[in-house]
2 protein chains.
Amino acid sequence: MSEGAASRVSEATVARLPRYLARLLELAAADTATVSSDHLAELAGVNPATLRRDLASFGIAGTRGVGYDVRYLVYEVSIVLGLNHEWPIVIVGVGNLGRALANYDGLVSRGFPVRALLDIDPSVVGDEVAGITVEHIDDSAAVVAREQLAVAVIATPSGSAQNAADLMIGSGISSLLNFTAVAIEVPDVVEVRRVDLATELQILSFYQQRSSAARGGAGVPLEKALSPIC
Amino acid sequence: MSEGAASRVSEATVARLPRYLARLLELAAADTATVSSDHLAELAGVNPATLRRDLASFGIAGTRGVGYDVRYLVYEVSIVLGLNHEWPIVIVGVGNLGRALANYDGLVSRGFPVRALLDIDPSVVGDEVAGITVEHIDDSAAVVAREQLAVAVIATPSGSAQNAADLMIGSGISSLLNFTAVAIEVPDVVEVRRVDLATELQILSFYQQRSSAARGGAGVPLEKALSPIC
DNA sequence: TTCTGTGAAATAGTTCACAGCG
DNA sequence: CGCTGTGAACTATTTCACAGAA
């Protein structure tokens, strides 16, 4: 990931904010007016002191003896995360994954409406997916300008990922969410995060293997062992 | 995430192993025989001492003056991650996301073949997706036993995620990869990891906002500001 | 009294730097 | 001589514990 401006808050703190926000929205939906750090920390699965420190590091204050005002906290955390406005996104690569993402309502409902779809394959260009007409990646600069896009989701085959990323950066995109199996190199001013299914499964595999070994090996198909996948 | 047996290696170390493995497989594919910690660390984007310590913590040794044997390292890291055998998986929820995952070739190529698809909707059961016939979730126990499954990917709507997880755990599944917008509660012996698109985008949003603020705000549609998404 | 905000302690993780092996 | 393996220093992060505000 590129580093951006040096900041005084740790990435661990930033990564917890979406979790706090999700719980806060649930509390707000249930018309809860205030919440203590103990309660919210319990809901979010963190230590109360960690929660208080996280909020304090952004200057977000509660009321001693009372707790935090839920609606105010939602507002403040949203501002800190940059969620006081929508972030329209473009999906690059309209294969199975791209289609799934375009149809995923969890995006628009959380402020990330899909505004454009791009592909390099002429047989896909012109298709309508989730109500959006697929455009050719050669037109990316025009699309980015037209839709005021800052974020692109890369859902191409792995071999095309770097190329797609370069094109989008050249078209003015400054944040990438990389959904492919390979890492993408970017200039320092561009932010990237990668979501990789196989990496997650490999980590799961480690802990799964370890905990079943500790229990005596039940549940793991060890009889299938010793055919390395490399 | 559930904790499993207390271990002496940090989660940070485990999370780096898949990255090392990916680079090692590239080196192996290019017939590179040995690699120094400096070189591999550079490829993986970590400090060389961190790499050496990570490997040493699993008892994986190199040769002083030479480096590490690439093929041996691939083998050892695979064993540590539990990748010396395949991990057949089941996808629960055959909507857009489930279909995308079922068709994603990055899974089988890395040792996680999709062996079954489950859904609760009778109009989907019986469909063939990616060469696999969708079965009803009521039959999950039989499916898990038949295919010797240990890992389930939850790709249902968020509201059904906990339910789906409970059913799969009751059917003998011991690792879950949760692809929905909500957290899932599980017993201690079950491992869970969650991949959430909106969380990733929110973190991107934070850094994007911050770095464009540092550059004077160019590139962000600030004129659209102030319509909170909550 | 309750619960925040935060020094200070504890813990975890990273990096340096170098002894010593091949 | 080059590079690993690791004590020790350093940095980051979490947690405790409590003073003090409401």
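In what follows, chains carry the letters A, B, and so on, assigned in the order in which the sequence lines appear, proteins first and then strands, with residues in each chain numbered from 1.
- In the model, A/N84 has no side-chain atom that pairs as donor or acceptor with a side-chain atom of A/S78 under 3.5 Å.
- Within residues 28-42 of chain B, no residue has a heavy atom under 4.0 Å from DNA chain C.
- Salt bridge annotation for A/R16-A/E11: absent, with no cationic side-chain nitrogen under 4.0 angstrom from a carboxylate oxygen.
- A heavy-atom distance below 4.5 Å is not found between the side chains of B/R115 and B/I89.
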Q | Sequence-aligned protein contact record of nucleotides 15-22 of chain D, with B where the base is within under 4.0 Å of a protein heavy atom and S where only the sugar-phosphate is | A | BBB--BBS

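- Partners of B/E26 by salt bridge (charged side-chain N to carboxylate O under 4.0 Å, His left out), not counting sequence neighbours, listed by chain and number: B/R23.
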Q.
side chain to side chain donor-acceptor pair (under 3.5 Å) for B/T180 and B/N178? Distances and angles first, verdict last.
A. CA-CA 6 Å; B/T180 72; B/N178 175 12; 2.8 Å; yes

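- Side-chain nitrogen and oxygen atoms of A/Y68 include at least one within less than 4.0 Å of the OP1 or OP2 phosphate oxygen of C/dG5.
- Put simply, the side chain of A/V114 does not reach to within 4.5 Å of the side chain of A/V108, judged on heavy atoms.
- The stretch residues 54-61 of chain A does not touch DNA chain D, since none of its heavy atoms comes less than 4.0 Å from the strand.
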Look for any protein N or O under 3.5 Å of an N or O in nucleotides 9-13 of chain D and output each such pair with its distance, or none.
none

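- Residues satisfying the salt bridge (charged side-chain N to carboxylate O under 4.0 Å, His left out) criterion with A/E200, sequence neighbours excluded, are B/R193.
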